[in-house]
Amino acid sequence: MEEKQKVKKVEMARGNWMSYKRTTIVICSINIFVALYVLHSLYTSVYMYPFSDTQKAFKYTPQQIRKMEESIQLRKQLEPVELINVVNFLKNKLSMDEKVQQIPEHIKQKITDEILVTLKGVNANEDATMLRDAVESWRREKLKETTELIHEKTSNSTISLKEARLLSRALSDNWAELAEEIGLWIPVQIVNTEHDDKPEGEEELDYEVIAGKQLPLQCHAEVHTDYGGDAVRWGLTHHKETAYDCCMACLDQAKQAGPNQKKCNIWVYCPSETGCHSPDIYQHKHQECWLKYAENPKLNFKDRYPESYRNAHPNAPVIVPWMSGVVSV
């Protein structure tokens, strides 16, 4: 009887243990399921979008596209292109300067001394072209020397192989920068060519400086000019030292002339020391001052005597020697 009771107690204890075990397994399974569900929900909410939502997120209207294109174009227009070009130029310039500065100072000094010796060998009276040719000839010889040293064709050079490479590059690619670095400057030769458009056989007008005071505007002075008119005062016996005095004589005569007298309104002066030509029979000398009157002043000759006139008067010069002016009275 007692053994049956012990067996019954053992079976009851075993049943209770199995009940606790199943409960624990069920609870753990539920927890794992909930955890997986939460992780799945988080993953889909953050990284997964429906295809329709994706299309809506990247679809732009034509107006938005146009504004974006205008914005891109405006940004390109506002780019500082000139500034960028200047910066790039300065970078290249600095890079070249660095290449030149890599040449040791004693090499630069040696180059300077050799160029000075070369220039001293050129005649000091030679033009800039000859000086540049002499320096260019030295540069080619020096470049040939460094090239032979680099290719081990010579061994009697006073510079090392590394210095020869630097000098070769400077003499070929960076010669302008190296010349500036050592202070070499040869002025550009300016050649002035005179173009003579004057026809053959023609003499040039000689607008020499007229002696005496400066003629006032009221004299209306004209060089190489001869006006015709009735003589108020003959120049053969009426000489004045300067054209200014001749003009003043005309103005004074006009002021002092009587009611029935002709008033001078033309003055003609001979400034040439060799005399002045005229078609009459007289020899007109230096400083003759003719005072004339004409109701309508007529120009006889201006600048040059016509060829037909010179054919009729072989002694006539090409250029009119007289100086004259028409004044208002």
Side-chain angles (χ1 to χ4, degrees), residues 67-200 204-209:
K67 288 184 178 181
M68 285 189 290
E69 291 176 350
E70 291 178 355
S71 177
I72 295 172
Q73 185 177 4
L74 181 61
R75 186 167 60 252
K76 289 182 178 180
Q77 292 176 354
L78 294 178
E79 286 184 357
V81 179
E82 294 183 1
L83 180 60
I84 294 173
N85 293 335
V86 171
V87 171
N88 292 334
F89 172 78
L90 292 176
K91 286 182 179 178
N92 294 333
K93 181 69 174 178
L94 292 174
S95 176
M96 291 181 180
D97 291 343
E98 289 177 358
K99 292 179 181 178
V100 175
Q101 291 174 1
Q102 290 176 358
I103 300 177
E105 287 298 326
H106 71 277
I107 298 296
K108 293 181 183 178
Q109 185 62 44
K110 186 174 183 297
I111 291 173
T112 303
D113 295 338
E114 291 182 5
I115 292 177
L116 288 176
V117 172
T118 302
L119 293 177
K120 287 180 181 179
V122 181
N123 189 349
N125 296 324
E126 296 291 350
D127 55 20
T129 302
M130 295 295 294
L131 297 177
R132 279 195 296 273
D133 290 345
V135 174
E136 180 62 20
S137 177
W138 170 88
R139 186 187 71 85
R140 287 196 297 266
E141 290 295 328
K142 198 67 178 178
L143 184 59
K144 180 180 177 182
E145 177 185 340
T146 56
T147 303
E148 291 178 352
L149 178 60
I150 294 172
H151 293 86
E152 299 180 355
K153 293 183 179 181
T154 180
S155 59
N156 58 354
S157 178
T158 58
I159 61 176
S160 65
L161 181 60
K162 179 181 179 181
E163 292 172 346
R165 289 195 179 97
L166 293 174
L167 185 57
S168 176
R169 183 173 59 186
L171 291 173
S172 57
D173 299 333
N174 304 319
W175 169 238
E177 288 76 16
L178 178 60
E180 183 179 354
E181 182 71 18
I182 64 177
L184 176 63
W185 178 78
I186 299 176
V188 178
Q189 182 181 9
I190 300 177
V191 179
N192 295 319
T193 304
E194 182 178 354
H195 298 278
D196 188 5
D197 298 331
K198 178 174 64 65
E200 186 177 356
E204 294 213 12
L205 295 176
D206 185 14
Y207 292 101
E208 69 277 3
V209 177

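Given the structure is predicted, the values throughout are model-derived calculations rather than measurements.
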Inset, instruction - Answer yes or no: is there a donor N or O on one side and an acceptor on the other, between the side chain of S137 and the main chain of D133, under 3.5 Å? - result: no

Legend entry - Enclosure of Q77 CD (heavy-atom neighbours >12, cutoff 6.0 Å): yes

Legend entry - Electrostatic pair R139:E136 at N-O distance under 4.0 angstrom: yes

Inset, instruction - Take atom CD of Q73 as the centre, draw a 6.0 Å sphere, and report whether it contains more than 12 heavy atoms from other residues, nucleotides or ligands. - result: no

Legend entry - Ion pair E141/K144, N-O distance below 4.0 Å: no

Legend entry - Sole residue of K108, H106, E114 in side chain to side chain contact (heavy atoms under 4.5 Å, CB included) with K110: E114

Inset, instruction - First locate atom CG of L90, then atom CG of N85, and finally report the distance between them rounded to the nearest 0.5 Å. - result: 11.0 Å

Inset, instruction - Identify the heavy atoms of V135 and L119 that sit nearest to each other, and give their distance. - result: CG2-CD2, 3.6 Å

Legend entry - Spacing of CZ belonging to R140 relative to CD belonging to E145, to within rounding of 0.5 Å: 15.5 Å

